[in-house]
Amino acid sequence: MDIIGKRSWPVLFVSDQMQKQTDEGAWLRDIVHVLTEHNGCTAMFCSAYGDAHDIIYSHEDLGTIVVDWENADPGRVHRKNEDMGSGNAGARLVDYIRGRNRTIPILILSDRSSIESIPNRVLERINGVIWKLTDTPQFNAGRIERTVVEYARTVLPAFFRNLVDYVSEYNFAWHTPGHMGGQGFLKSPSGTAFHKFFGENMLRADLSISVPELGSLLDHSGVTGEAERFSARVFGADRTYYVLNGTSTGNQIVWRSQVSPGDACLMDRNCHKSLSHAMVITGARPDYMVPMRNALGIIGPVDFSSVDPGRSYVMSALTNSTYDGICYDTRYAADKLRGAGILHFDEAWYAYARFHPIYRGHFAMSLDDRSRLVFSTHSTHKLLTAFSQASMIHVKFPRAIHESPALQDDFHDTFNESYMMHGSTSPQYSMVASLEVATKMMADNGTTAHADILEEAIELRRKIARIKEEETAAGDWFFDIWQPDSVTRKTTRELVEDQGNWALEPGAAWHGFSKVDLSERYTMLDPIKLTFLCPGVDVRGVWADQGVPAAVVTRYLGDKGIVCEKTDYYSWLLLNSLGTTKGKQGTLVAELFRFRELYKANAPLDTVFPGLVDDYPARYLGLGLRDHCLEMHGYIRSHGLLENMVRSSRIIPDQAMTPSDAYRAIVRKDIEFVPIDDLDPERDPRVAAVMVVPYPPGIPILMGGEEIDEKALPIIEYLRARQDFENRFPGYAGDIHGVDRSEPAADGTCRFEVMLVKRR
Ligand SMILES: Cc1ncc(COP(=O)(O)O)c(C=O)c1O
């Protein structure tokens, strides 16, 4: 197919001869002429090794690199030169290319007389030598073309290659989907617009399950099965299952495959709602592990001292890493969870962990003692490059299953029943291809790509810390980042290489988890998760008179096209991933300075947030940005919102019934919506029908089946405080799963309602 044929993989020529009026220059130009005019390839040029580094760094679409060994112009030193090993500039360039890409063809152009100068370690890492001024241009161009074609073919993993081949055959489709390769869309103007927007290939690759060339996802056969096995190898699993409905479904598949009604399970209270759904569909009886919270509300690791080592559980689920980037030493966690027969790590946000040594020992598939069955669920789409919803379940077998193919088959046969219960018989093949390609990308150069992400994230961390330090010294304020002090003291390389720099050490001041809570070192902060801190309150809970609530900052950033991952009261989260660019970071820092200027000038709110003032003129017209921040800060502080949130998240209410029984009450319509103002937990306890999860920070404060009684009173008080806050600051309503908002009253205020199980 032309789009990914040889034309789209340019050959990079690194030679200062290209422009010169010399024999060598003419010889090289002839080769390029034949290559591009007759052999259908494309070419790029640079004369200095230094420039070649930059091109290679930013172009992953090169098809072959031709390096002139006698280049007189080494060019300026690339910033990554320190990583390129020793030797002359040509050898360092070859090392650099191989460091970034293990398979791209490298051809050396060399004078026969200087063969001696090419060291063996270079010869081992290249694909061939072209002797200068020998052979015809046709022959040399043909050899280069061949390397491009062969390489381009290996770039495509098996499933994707078969999909591309199938689409390239221009078959007449007589099967579903009804648009039949996109043709159906062309029958109306809106369909035509859809076709133009998504493009022909996307639509022609949307095929029916009846295309045998692509294997079967439900049977894990053919090239689909091959793709899953490839992912298993790359992610360090014994088996991998592709899931096309997110980790939301992956989690439910795992639980449904192992847990029966009434089974005791151990659940991270900081769990995604899909794990609550997993308990509903399995009938599990949960005990909860409670995560720590610092005074800013940032969620820390689970406090394992609350886990009873004497109790047995069928399965445990731990969120790793957490939203805020806390990753567990999984050997430590497994030991603390020794009462659980099966370990499940919800690693929805953490699919990249295996590909950089900084996460060594901190992800599920690194557990290798084979004492128990271990599951990891990945939202491959979240921080790797799969399409939205494309996810994976990875499995590591205990020794007995690992050593017995028959037991592996048994495992698969039973597991697959649960898998099929959640799988469609009409899979989207582009999603399957995206999972396979995300895997291939990690196999090809995952470590290098992740090192780049880490470097960028660390540089941004240092930049913000430096600005904060300079501005504070000058008597001004700025935003900060939640991070260990070592970030400002060590070099980027030390920070990327030594995991110890990111450990949450007991007693360290920066993280704000008290010594009592965090008595051992068993977690680290993921450097690529950037939690920005606002002035107003610190990690120990010390308040300042002036403050800038994060909701105001992220509203401002959002208006400027900088969309944040999560907003807490005085912190917000940004993620670095494969899609992060330097430009993004520069714009962010510039906008933070601009926000501060607008704050200092108390800029009129109708110029800063015109939409907000248009929507609520009576409330906000005439206010300035600083007035707005200070009013909200004063409110959060005086109403104890933050403290309330932290307190309520530490309570685990009593269970009146299992999450599953509470759900059955919903099915029987045995429920009612009750305004939280009408609840009287002390005198009239009630039972929650569904989980209640306020964002921020996204941790359940109530689970279906839990009792709203005196013990749970702080939870209801927190919800009332949130309700009052939203009525006081319209336009700042946060998402709260499990809470319905009433129609606004005449004065515009809303009431929160929760779904409760009806009294018997
Ligand atoms: C910890 C955790 N698990 C599971 C999920 C669900 O993942 P998905 O969006 O792929 O369904 C999420 C989503 O945010 C999550 O945060």
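Counting convention: from 1, in listed order, for ligands and their atoms alike.
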Quick one: look up the protein heavy atom nearest atom 9 (O) of ligand 1 and list residue, atom name and how far away it is.
-> Lys382 NZ, 3.1 Å

Identity and distance of the protein heavy atom lying nearest atom 16 (O) of ligand 1 | Trp349 NE1, 2.7 Å

Ligand 1 versus Tyr323: contacting region, heavy-atom distance under 4.0 Å = neither

So, for Pro527 and Arg461, which heavy atoms are closest and what is the spacing to 0.1 Å?
-> O-NE, 2.9 Å

What do you reckon, are the aromatic ring centroids of Phe355 and Phe235 less than 6.0 Å apart?
-> yes

Find all atoms of ligand 1 within a distance of less than 4.0 Å from any non-hydrogen atom belonging to Ala348, and give their numbers and elements.
-> 2 (C), 3 (N), 4 (C), 5 (C), 15 (C)

Stepwise ring pair (Phe, Tyr, Trp, His ring centres under 6.0 Å) test for Phe159 and Phe230 | CA-CA 10 Å; Phe159 179 89; Phe230 172 51; over 10 Å; no

Please determine if Thr249 has a nitrogen or oxygen closer than 3.5 Å to a nitrogen or oxygen of ligand 1.
-> no

Check ligand 1 against Ser379 and write out every atom of the ligand that is under 4.0 Å from a heavy-atom position of the residue.
-> 7 (O), 8 (P), 10 (O)

Checking Glu436 side chain against Phe160 main chain: does a donor-acceptor pair fall under 3.5 Å?
-> yes

Identify, for atom 3 (N) of ligand 1, the protein heavy atom at the shortest distance, and state residue, atom and that distance.
-> Asp346 OD2, 2.6 Å

Would you kindly specify which portion of Ser248 sits under 4.0 Å from ligand 1, judged on non-hydrogen atoms: side chain, backbone, both or neither?
-> both

Which pair of heavy atoms, one from Val395 and one from Tyr241, lies closest together, and at what distance?
-> CG2-CE1, 4.0 Å

Flag, side chain of Gln252 to backbone of Thr249, donor-acceptor distance under 3.5 Å | no

Using distance alone, determine whether Asn245 and ligand 1 share an N or O pair under 3.5 Å.
-> no

Please state which protein non-hydrogen atom is closest to atom 12 (C) of ligand 1 and give its distance, to 0.1 Å?
-> His272 CD2, 3.2 Å

Is the cationic atom of Arg269 (NZ for Lys, CZ for Arg) positioned less than 6.0 Å from the six-membered ring centroid of Tyr288 and within 45 degrees of its normal?
-> yes

Row check, Tyr323 ring normal vs Lys566 NZ/CZ: under 6.0 Å, within 45° = yes

By number and element, which atoms of ligand 1 are closer than 4.0 Å to a non-hydrogen atom of Gly246?
-> 8 (P), 10 (O), 11 (O)

Which atoms of ligand 1 sit under 4.0 Å from any heavy atom of Thr319?
-> 1 (C)

